[in-house]
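Just so we're on the same page: letters track the sequence lines, and every chain starts at 1.
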Amino acid sequence: GENVEQHPSTLSVQEGDSAVIKCTYSDSASNYFPWYKQELGKRPQLIIDIRSNVGEKKDQRIAVTLNKTAKHFSLHITETQPEDSAVYFCAATYSGGGADGLTFGKGTHLIIQP
Amino acid sequence: EAGVTQFPSHSVIEKGQTVTLRCDPISGHDNLYWYRRVMGKEIKFLLHFVKESKQDESGMPNNRFLAERTGGTYSTLKVQPAELEDSGVYFCASSRQLNTGELFFGEGSRLTVL
């Protein structure tokens, strides 16, 4: 089955700086890679996703890059703000098969220092 | 549109007791998933319903866990008898389409087994 590793487990950055969270996956068949943000006590929410047919996707201050050969993908947040503080989860799955359950990383606690 | 709702939000039970968690997915979402996050670890897939059928239950830890989705609407996850290691947050998520796109998560049911 799929195995997703996520690093770092905790990341502290100064407000305004950039943050990068990295994930690797093991199953070369995986083709869908979403990122979820979970604020304290709230539900995980999708913030951005990428499919294996593209290498990069951007949405305002958030971008995700995918390297299929190396089987890793990363989340980039620029100009970080206090409201970016949360736990971020990466995930991977093969979308198109019968089993559609996401495999999540362990999460990264992002702390934005004022 | 109402989101995914879960009940109870928090349950504290003694080892050996039974607990039933309920999830109401977004109306019209045929796909319903259960996930669990044990403290400090990744969100792990438990099982996936398509309507009332179990599409994939490969993540269910053992036969103390029973999930149902009679009628293809809401779902229940019963733990009987509960053990200490069952403590964690149980998330339900739903999606409209099988092979694409966003999972909508509930806020989770926190289970504490004493």
Side-chain angles (χ1 to χ4, degrees), chain A residues 1-10 21-27 29-54 57 59 64 86-109, chain B residues 2-7 9-10 23-26 29-51 53-61 67 75 77 88-110:
Chain A
E2 177 65 279
N3 182 50
V4 176
E5 298 284 339
Q6 183 172 348
H7 299 280
S9 56
T10 304
I21 302 170
K22 299 182 179 182
C23 290
T24 60
Y25 60 99
S26 61
D27 189 348
S30 289
N31 61 0
Y32 176 62
F33 308 91
W35 286 86
Y36 285 82
K37 174 184 179 181
Q38 186 182 16
E39 296 177 51
L40 189 63
K42 297 191 177 181
R43 69 193 73 200
Q45 290 195 297
L46 180 72
I47 55 170
I48 195 166
D49 57 10
I50 191 168
R51 297 189 180 277
S52 57
N53 58 345
V54 298
K57 185 176 178 180
D59 183 3
V64 57
V87 179
Y88 292 80
F89 293 95
C90 63
T93 191
Y94 173 63
S95 178
D100 222 31
L102 290 168
T103 300
F104 284 86
K106 290 186 178 182
T108 296
H109 185 192
Chain B
V4 176
T5 56
Q6 291 187 245
F7 181 84
S9 57
H10 192 188
C23 169
D24 286 78
I26 293 172
H29 283 196
D30 287 343
N31 297 282
L32 186 150
Y33 304 80
W34 283 98
Y35 288 87
R36 174 173 74 172
R37 187 177 189 215
V38 174
M39 188 186 299
K41 298 194 174 182
E42 67 269 31
I43 302 173
K44 290 199 83 169
F45 168 77
L46 296 179
L47 87 160
H48 170 206
F49 283 100
V50 178
K51 297 186 181 179
S53 299
K54 290 177 185 174
Q55 180 78 6
D56 179 2
E57 52 184 331
S58 61
M60 294 288 265
S75 175
L77 178 65
V89 181
Y90 290 77
F91 289 102
C92 175
S94 71
S95 71
R96 185 180 299 277
Q97 293 178 312
L98 177 61
N99 295 329
T100 68
E102 185 171 357
L103 281 187
F104 294 85
F105 278 83
E107 295 200 337
S109 290
R110 179 175 295 276

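Evaluation of the side-chain hydrogen bond (donor to acceptor under 3.5 Å, both in side chains) rule for A/Ser9 yields no partner, not counting sequence neighbours. With sequence neighbours left out, B/Ser94 forms a side-chain hydrogen bond (donor to acceptor under 3.5 Å, both in side chains) with B/His29.
A donor-acceptor pair is defined here as one N or O able to donate and one able to accept, closer than 3.5 Å; no such pair exists between the side chain of B/Glu42 and the backbone of A/Gln6.
Within the 4.5 angstrom heavy-atom criterion, only side-chain atoms of A/Gln38, from C-beta onward, approach chain B. Interface remark: A/Pro34 contributes no atoms to any contact with chain B (heavy atom separation under 4.5 Å).
Using cut-offs of 30° and 60° on the angle between ring planes, the pair A/Phe104 and A/Phe89 is perpendicular.
For the set B/Arg110, B/Glu107, B/Gln6, the count of heavy-atom pairs under 4.5 angstrom toward chain A peaks at B/Glu107. In terms of heavy-atom pairs under 4.5 angstrom with chain B, the leader among A/Pro44, A/Ala91, A/Gly105 is A/Pro44.
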